[in-house]
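Worksheet: the structure to be examined is printed underneath.
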Protein chains: 2
Amino acid sequence: MEISAIPRLFPAFEKELQREIQEQGEIRFFKTEEQLMRTGQYFRSTMLILNGLVKIYREDDDGNEFFMYYLQPGQACALSMVCAAEHKRSAIMAKAVKETEIIAIPLHFMEEWMGKYKSWNHFVIGTYRARFEELLSTIDHIAFRGMDERLEFYLKKHQDTMGTNLIALNHQEIANELNSSREVVSRLLKKMEQFGKVKLHRNAIEIIQL
Amino acid sequence: MEISAIPRLFPAFEKELQREIQEQGEIRFFKTEEQLMRTGQYFRSTMLILNGLVKIYREDDDGNEFFMYYLQPGQACALSMVCAAEHKRSAIMAKAVKETEIIAIPLHFMEEWMGKYKSWNHFVIGTYRARFEELLSTIDHIAFRGMDERLEFYLKKHQDTMGTNLIALNHQEIANELNSSREVVSRLLKKMEQFGKVKLHRNAIEIIQL
DNA sequence: TCCTTACTGTGACCTTCGTCACCTATGGCA
DNA sequence: TGCCATAGGTGACGAAGGTCACAGTAAGGA
């Protein structure tokens, strides 16, 4: 996997940079539901996703997990860059949704490559940019929309990201990610079913028409 | 002003870069309440704040303005960088709070300097990083906190940024920025006054103890 | 000085959402 | 087949916050 994944996922990187990543990076595996990083943890490296799928959460003091966005293969965690560069604690939590493989780049390379490789520079900037827009969109939803719209958006996003109409989550799990409660999610889903938007199953929601 | 402001506000920039900024940048002035950029606008340049104070808002489709964060002299608008780089429309609105002076850098220099000046590179990355954290903190507040806490935080931020205990805003204006309503803000402020946290005046709020 | 206007205070009421209680349905397994 | 754990459904209720109506009050202009 190591041989082929880097050029395939990061085709814009110079050959030399691709080689350095393979040499200096450390491949790590995470099982489904395993945490890649925890709130409050210090970073020693930046992570590039090679395989699988990662979800990024913001946690409050009571341990509520608020889902913000997905990270897919070929993307990097902007926060690991933020924190790596400032030796600061993580403000977020990352969790593997599937079996996930990442490559961890020790943080001093991050800095070094910035001057050395133009493509790395672009990649870092591009990563910030993309995550920035995700955050803005997240703010929109919680600032201006009600739970009904947010739930629908959440399901849509899940559908697009996972590439399936069958969402294998129970109501409690969805409620947690939206920082709401199981009953509210159940009620809203029921309403959506009445409108023909979804079909409800045990432990799963089938998207009909959103 | 042009002569002294750049080295003073951006001391980390190489002399050569400081000179280029002065040569290539275009100084612009904005009056209080004037918009530096509007939602939906295209960018042709990145803006560095030289003087004054700027507030950044997210707008929804109905024209509600949700306040996100301040930009002070020596800072840059991360979004102007995001959009400049992708020739995309602005997703935010920026408004001058005081008489404000900025220097606009045509976007092709942004790219050029990235390879040419290490300090420019650092500045851009640092700008993203700082704004990223502001957004995360904004998300925290609207996701996990009630209006009472958010109002208090808003006042505190205003106090720190403006450096005064007297906040010259009426309740309606505050409500708009928090995406709430005048009555709610009035009620909460009254409660804060009873707790001795503030003293209410016409068109102004005096911070006593937050 | 008086009048108009904008700002503020407050009670009544509604909607949304969170919480509690309790019930039903489903599926695995002894 | 029956038991039980887990998921889902639903009514009742309360809190937060948005909306409406209206009253009081200060400030600035005529």
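Just so we're on the same page: letters track the sequence lines, and every chain starts at 1.
- For B:Asp60 (side chain) and A:Phe144 (main-chain N/O), no donor-acceptor pair under 3.5 Å exists by modelled atom type.
- Summary of the strand contacts: B:Ser181 and A:Ser186 both lie near DNA chain D, and taking for each the nucleotide with the nearest heavy atom, the more 5' one is attributed to A:Ser186.
- Atom-to-atom, CD1 of B:Ile205 to C1' of C:dT8 comes out at 11 Å; the value is rounded to the nearest Å.
- Partners of B:Val97 under the side-chain contact (heavy atoms from CB on, under 4.5 Å) rule, at least two apart in sequence or in another chain, are B:Leu53, B:Lys55, B:Met162.
- Between B:Phe132 and A:Tyr128, the ring planes lie perpendicular to each other; the angle is over 60°, past the 30° to 60° tilted range.
- Inter-residue side-chain proximity for B:Leu200 and B:Lys190 is flagged as met; some heavy-atom pair is nearer than 4.5 Å.
- Here A:Leu189 lies out of heavy-atom contact (under 4.0 Å) with every strand.
- The distance from atom CD of A:Glu149 to atom CG of A:Leu188, rounded to the nearest 0.5 Å, is 11.5 Å.
- Between the CD atom of B:Glu183 and the C1' atom of C:dC7 there is a distance of 12 Å, rounded to whole Å.
- Using modelled atom types, one side-chain atom of B:Trp120 and one backbone atom of B:Met110 make a donor-acceptor pair closer than 3.5 Å.
- Between atom OG of residue B:Ser119 and atom CZ of residue B:Phe10 there is a gap of 11.0 Å, rounded to the nearest 0.5 Å.
- For DNA chain C, the residues of residues 166-177 of chain B within the heavy-atom distance limit of 4.0 Å (strictly under) are B:Asn170, B:His171, sorted by number.
- Computed from coordinates, the A:Asp62 CG to C:dG18 C1' distance equals 15 Å when rounded to whole Å.
- Considering B:Glu173, B:Glu177, B:Glu65, B:Glu34 as possible partners of B:Lys95, the one that fulfils the salt bridge (charged side-chain N to carboxylate O under 4.0 Å, His left out) test is B:Glu65.
- At least one side-chain heavy atom of A:Phe66 sits under 4.5 Å from a side-chain heavy atom of A:Ile142.
- Checked by distance alone, B:Arg182 brings a side-chain donor or acceptor within 3.5 Å of a matching partner on the base of C:dG9.
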* Under 4.0 Å protein heavy-atom contacts per nucleotide of nucleotides 24-30 of chain C, with B for base, S for backbone only and - for none -> -BBS---

Could you run down the sub-3.5 Å N/O contacts of the protein with nucleotides 14-17 of chain C?
{"from": "C:dC17", "atom 1": "OP1", "to": "A:Met147", "atom 2": "N", "distance (Å)": "2.6"}

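- Listed by first and then second residue, the ring pair (Phe, Tyr, Trp, His ring centres under 6.0 Å) pairs involving residues 145-187 of chain A are A:Phe67-A:Tyr154, A:His141-A:Phe153 (not counting sequence neighbours).
- At a threshold of 4.5 Å between non-hydrogen side-chain atoms, the residues B:Ile205 and B:Ile174 count as touching.
- Taken from CH2 in B:Trp113 to NE2 in B:His108, the straight-line distance is 8.5 Å, to the nearest 0.5 Å.
- Taking every nucleotide of DNA chain D with any atom under 4.0 Å from a non-hydrogen atom of chain B, the first and last of them, 5' to 3', are D:dG17 to D:dA27.
- With contacts defined as side-chain heavy-atom distances shorter than 4.5 Å, the pair B:Gln159/B:Asn165 qualifies.
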